[in-house]
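Inspection log for the structure reproduced underneath, given as structure tokens.
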Protein chains: 2
Amino acid sequence: MELQEAKNEFIQAWGTFGSEWGINRTMAQIHALLLVSAESLSTEDIMEQLDVSRGNVNMNTRELIAWGIVYRVTKKGERREFFEAEKDIYKVAIKIMKERRKRELGPVLETLNELKQIKSSDKESKEFKRVISDISAFGESTDKMIERMIKADENWFTGSLMRFLTK
Amino acid sequence: MELQEAKNEFIQAWGTFGSEWGINRTMAQIHALLLVSAESLSTEDIMEQLDVSRGNVNMNTRELIAWGIVYRVTKKGERREFFEAEKDIYKVAIKIMKERRKRELGPVLETLNELKQIKSSDKESKEFKRVISDISAFGESTDKMIERMIKADENWFTGSLMRFLTK
DNA sequence: AATAACTTTCAAAATATTTTGAAAGTTCAA
DNA sequence: TTGAACTTTCAAAATATTTTGAAAGTTATT
């Protein structure tokens, strides 16, 4: 298999994987492209290689930068900006967890906490409260776990925690 | 806040949360509705309460059943089938992890393993291989972690592992 | 200050996903 | 069997999301 062919296959696979997890396909593809590019790429480069529009590249690179997994880099003597992916996959994973925790887990936990306040005199209300509290407790634990991972030494993944988890 | 109002808010929140994670909104809403319903519900009940079509309810209940987080129940003297959600939230979480691991993580790990086989003589190919191998290793560890959680005693969540993770 | 090089915006178009609902299929009781 | 009660299917319609591209905005250079 050619290198270029392999790269393209990876870009496809990463795009599919991303969209299965609620991440827009092009965003995941741009991320994949940057991951496997030796050099940093310009907007124009990305447009060409993925055959998408300027607006689309602009939108998604900004989003990737907001997630903290792609960096803007400048080159001397160049007006244009270039993009480069964070290649440390553990850092990438942590940044993604951090971002999704903030954007999606946070809001749902807030809602659950409000709903837990409902007065529960009758049996049905008590049952409702129990279900909500269970989910909330689970969510809080997950949240704490992510928080821990984020705060942990960047070697957490190869450290004792991970060895324990993955045998 | 009324119980009914609280239930509706939960159904909304759960639907939004689900769709942010690549799960179809109605599927998540049906799941939420069943979670907070004291009694098991018929197709008709779900249609009414969520104001969606019969086909939609049929499709999504089947999917929820395929995920193993909703059960079909029959009542004596009733032709119709009723639906009931698994209320043990740890079981639900495990089933979801298991299913998504199988459906989405598995395929991507297979692809990565193929791509790792590429011959890498030049520098660029070596670099590509390194990136792919890193992602693959991360994926495999995650996979093993999920496998462990699935196999673990059903109290894993409150057990030593989880206490370690969440302090 | 004018121009060129580049980036950003956003309404409209394209695409993808979800939902509908009527028709076909199934099961069971009479 | 028949037909009533219920479930399933799936093409078409509705909806939601993503993408485009041209115009507006910005910044650096002359």
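Keep in mind it's a predicted model, so treat the numbers as computed, not measured. Protein chains get the first letters and strands the later ones, always in sequence-line order, with residue 1 at the start of each. Both backbone and side-chain heavy atoms feed into the values below; hydrogens, waters and symmetry mates do not.
- An OP1 or OP2 oxygen of C/dT8 is reached within less than 4.0 angstrom by a side-chain nitrogen or oxygen of A/Asn58.
- Taking a cutoff of 4.0 Å between a charged side-chain nitrogen and a carboxylate oxygen, A/Glu147 and A/Arg101 qualify as a salt bridge.
- Whole-Å rounding puts the B/Arg72 CZ to D/dC6 C1' distance at 12 Å.
- Atom pair A/Lys75:NZ and C/dC6:P shows a separation of 13 Å (rounding to whole Å applied).
- Under a cut-off of 6.0 angstrom, the local environment of CE in A/Met27 is crowded, with over 12 non-hydrogen atoms contributed by other residues, nucleotides or ligands.
- A/Lys7 has no carboxylate O lying under 4.0 Å from a charged side-chain N of A/Glu2, or vice versa, which leaves the two without a salt bridge.
- Across all non-hydrogen atoms, the minimal contact from A/Gln29 to A/Gly15 is CG-CA, 3.9 Å.
- Rounded to an integer number of Å, the gap from B/Glu81 CD to C/dC28 C1' is 13 Å.
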Kindly indicate, with the supporting measurements, whether the criterion side-chain hydrogen bond (donor to acceptor under 3.5 Å, both in side chains) is fulfilled by B/Asn56 and B/Ser53. CA-CA 5 Å; B/Asn56 199 358; B/Ser53 74; 4.8 Å; no
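- Remark: A/Arg130 engages A/Glu127 in a salt bridge, criterion side-chain N to carboxylate O under 4.0 Å.
- B/Arg80 places its CZ atom 8 Å from the P atom of D/dT7, with the value rounded to the nearest Å.
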Assign a letter to each nucleotide of nucleotides 16-30 of chain D from its 5' end: B, base within under 4.0 Å of a protein heavy atom; S, sugar-phosphate only; -, no contact. --SBBB-----BS--
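- Atom CD of A/Glu44 is separated from atom C1' of C/dT7 by 12 Å (rounded to the nearest Å).
- Following rounding to the nearest Å, B/Asp45 (CG) and D/dT7 (C1') show an atom-to-atom distance of 15 Å.
- Between the CD atom of A/Glu63 and the C1' atom of C/dT8 there is a distance of 15 Å, given to the nearest Å.
- The CD atom of B/Glu78 sits 19 Å away from the P atom of D/dA4 (whole-angstrom rounding).
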